[in-house]
2 protein chains.
Amino acid sequence: MSNDRPAARGDLVPSAVLGLLGTRGPTSRADIARTLDISPATVTQVTKLLISRGLVTELDHAPSQGGRPARLLGLVERQVGAIGAKVTANHVAIVDVGLDGTVRSSTSHPFNPDAPDALDALGHILGSAVDDHAGTLLGVGVGIPGSVDSQASGVVDAPTLGWTDAQVGPVLRRALGVPVLVENDVNTLAVADRLYGEGRDHSTYLVVTIGRGIGCGIVVDGALYRGAAGGAGEIGHVPLTLDGPLCGCGSRGCLEAHIGEDALVRTALERGVIGPRGTVAGLRQAAEAGDPAAREIYREAGERLGSALAGVVHTIDPEIVIILGEGIDAWQHWEPGFEASFRGHLVPSRRGLPFVIEAWDEFNWALGAASLVLASPFDSTGATGDQGELVRARLHTSVEATS
Amino acid sequence: MSNDRPAARGDLVPSAVLGLLGTRGPTSRADIARTLDISPATVTQVTKLLISRGLVTELDHAPSQGGRPARLLGLVERQVGAIGAKVTANHVAIVDVGLDGTVRSSTSHPFNPDAPDALDALGHILGSAVDDHAGTLLGVGVGIPGSVDSQASGVVDAPTLGWTDAQVGPVLRRALGVPVLVENDVNTLAVADRLYGEGRDHSTYLVVTIGRGIGCGIVVDGALYRGAAGGAGEIGHVPLTLDGPLCGCGSRGCLEAHIGEDALVRTALERGVIGPRGTVAGLRQAAEAGDPAAREIYREAGERLGSALAGVVHTIDPEIVIILGEGIDAWQHWEPGFEASFRGHLVPSRRGLPFVIEAWDEFNWALGAASLVLASPFDSTGATGDQGELVRARLHTSVEATS
DNA sequence: TCCCGTTAGTTTGCTCCTAAATAAAGGTGT
DNA sequence: ACACCTTTATTTAGGAGCAAACTAACGGGA
């Protein structure tokens, strides 16, 4: 039980203002007040402080909106950024991004999570990225395909990597000496969408990924929803059938066991669409070439996804559903099955629920992880814990030194 | 987008303290601070104010816990309470409860929601309950089997009552002249559980009802989760099968269409367990008497419920699941199918998730509705809106007059 | 032209709550 | 007995943000 009061925030408002200017570009005081939902008086005070500290400057006047024209405020240009990494079963993708989310560099590194010293190896890979970073580094975000106890602690259970109770956060913090935030990979995408995607215009939404697994990030009132133990949104293991195919989790009939990549490949093999060494790429090519059996596999998968997502929508009641992931490039084949099933299984009042398909490439995962760090100034829920505090502190002091 | 700041709170803390003392009984200052997550200093100040106003008194010392013994604080006894009502398709159940949740009276009234003046009739029924109330009435809570736009506004869509866009809140407020909070009936149970049930010890949980329909209330971090449009937790319409029985909502294969009361009765009829005019009570008697076909119907229903709840658990990640409702008296027949299916469809790390079955009688629904009002002093999320403010104001001033 | 409505930003005086230091009142080990 | 710990409660000083009232700067209509 905890009747959450506002709780001790350090100087969250200044950080949020800096973060906003960093991600949205020049903004007027009035706009800041509206966007962050704080009073104009507070904005005046905070910006006065930030200007006196040399972090922020007044820019041009914006054209009048019918009244006094706004004076835009902008961040004093500095080299401030974050590093994001996505860990997979065979490699680590890393991006270096600026405050506004622009990717400055992206690299990919082979990685073996089964090795006994896997975490140290990960520390080395990230260490060189940290060394390569020019300017002030706010922190490192790490996306993991598994469940994470909390972003700030960073202890991980990831069956697909073979990790149980892996001390990702502690080890990396010791190795890197900068704030490290660890989160489930799908959740990082949800956070990224809030900063740069559809989430800017919606406060309660689902981010659904299709690919090897099926995942779901849940954002409620602008904040990531993690559940009691950080395991919310595990929709890959929602049961679709009482006795279906065996899933990697040990249960039967999980969504993932029906429409995950492995399941699609298995079905395609059974139906002779691809050969014994065929892959999901082969299945997609067959569908692209017009093979009806291949298309039927995707249609069925879309149908199943639609029905499962309808269930999730009934549970969560979001404003919008965002679908992306490495499997998205075959979406045109999913869609015929999906839309009818999704809408058909929704109650009438929610049948018009919008969903959007977002473009995708490998490094979206890593960018998502980086946005964990970039979003931490907005963190009003305390999800980022002490590491978030550290990021805020670095955002502040980064420029005091050089002023 | 709204990066929710604490936002304008009236004097929320004094109200929360009063509410806490009302629902939990005598409590020490230190305990109040811990429970409400506010600083001891604030508690000292607030209690000083409340004592000077004659609302609160110091009571005995509690036995020492190894340090200075706590001095308990208690509410000055007054006649303060709330009225709760549950609206069904053929009657309205009403209870009158005290601050501590004790039921002072309970009545049941015939009601026809299809009548053109149904809302006025409801106003009259509740009006006499309000008139009968002795002492200060904090407000009226109304539980409705349908979706409610917001507690404070109280506009209702309730298919089972035949109501669309029904102005329940506005009409009742005009008729009664006291604060009126309207909420989905299952959600009221979730709120009640937070005050008086399992929810005192858990901050994130599901309250699942079985009966005519299947419902789910979601409490996250101690606050009711309503979703973007107040429709969260509609698990009755989670699709179980792609092409199953037709549901009242127009879709096929909904959970409710499989295991709602009507579905159980239909299945029992099909299998010859009950006659053409048989009811769910008849089915239960048959199961009680040992009829294997009747027991199989319940077992299958339990199996389906278990698999659907496993899906919801994977989505929400609660600490505990609470099951109750008018169908609960047959639970012993659900259980064999339920537990195996529920646990069997959970991922290993969550397989030990606790669930509890709570006892049930008709007036639990109405008590739940009343606790909407009693819980509003705790409302830090603003879910109760202006009506919650009014309740708080009444809680304060109720005693100023008599002091 | 001059006044009004509108939007932007600032100043002032608060309220609420907190952290930190301190006091109060009991235990416990030697 | 004494020192020391723990838990409870209060005091003090002050931070953070707000509402309300103000100034500032523009457009437009009569």
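Just so we're on the same page: letters track the sequence lines, and every chain starts at 1. In what follows, every heavy atom counts, from backbone to side chain, and hydrogens, waters and symmetry copies are set aside. It should be emphasised that the depicted structure is a prediction, and the values quoted were computed from it without experimental measurement.
- In this entry the distance linking CG of B:L49 with C1' of D:dT10 reads 16 Å, nearest Å.
- Between the side chains of B:D149 and B:S153, at least one donor N or O sits under 3.5 Å from an acceptor N or O.
- Counting only distance, with no hydrogens or angles, the side chain of B:S64 and the backbone of B:G67 share a donor-acceptor pair below 3.5 Å.
- Regarding B:I38, its CD1 atom lies at a distance of 11 Å from the C1' atom of C:dC16, rounded to whole Å.
- Toward the 5' end of DNA chain C, the nearer of the two residues A:G66 and A:A30, judged by each one's closest nucleotide, is A:G66.
- Proximity of B:T42 to the phosphate of C:dT18: a side-chain N or O atom is located under 4.0 Å from OP1 or OP2.
- Mapped onto DNA chain D by nearest heavy atom, A:P69 and A:Q45 fall at different nucleotides, with A:Q45 at the one closer to the 5' end.
- The CG atom of A:D60 sits 16 Å away from the C1' atom of C:dA8 (whole-angstrom rounding).
- Nearest-nucleotide positions on DNA chain D place A:A41 closer to the 5' end than the other of A:H61 and A:A41.
- Within the structure, a side-chain polar atom (N or O) of B:S39 is placed less than 4.0 Å from OP1 or OP2 of C:dT18.
- Distances shown here put a side-chain N or O of B:T44 below 4.0 Å from the OP1 or OP2 atom of D:dT10.
- Put simply, CG on A:L59 is 12 Å from P on C:dG9, counting in whole angstrom units.
- A distance-only check finds no donor-acceptor pair linking the side chain of B:R71 to the backbone of B:H61 [under 3.5 Å].
- Between the CZ atom of B:R71 and the C1' atom of C:dA23 there is a distance of 16 Å, rounded to whole Å.
- No donor-acceptor pair closer than 3.5 Å links the side chain of A:Y196 to the backbone N or O of A:G368.
- For D:dT8, its base sits under 3.5 Å from the side chain of B:R68 at one donor and acceptor pair at least.
- In this structure, B:L36 atom CG and C:dC17 atom P are separated by 11 Å, rounded to whole Å.
- Counting to the nearest Å, the P atom of D:dA16 and the NZ atom of A:K48 are 15 Å from each other.
- Among C:dT18, C:dT10, C:dA25, the nucleotide with an atom closest to any side-chain atom of A:R29 is C:dT10.
- One can place CD of B:Q65 at 18 Å from P of C:dA25, the figure rounded to the nearest angstrom.
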request  = Check the pair A:R226, A:I218 against side-chain contact (heavy atoms from CB on, under 4.5 Å), reporting the backbone distance first and the verdict last.
outcome  = CA-CA 8 Å; A:R226 310 185 76 257; A:I218 304 170; over 6 Å; no
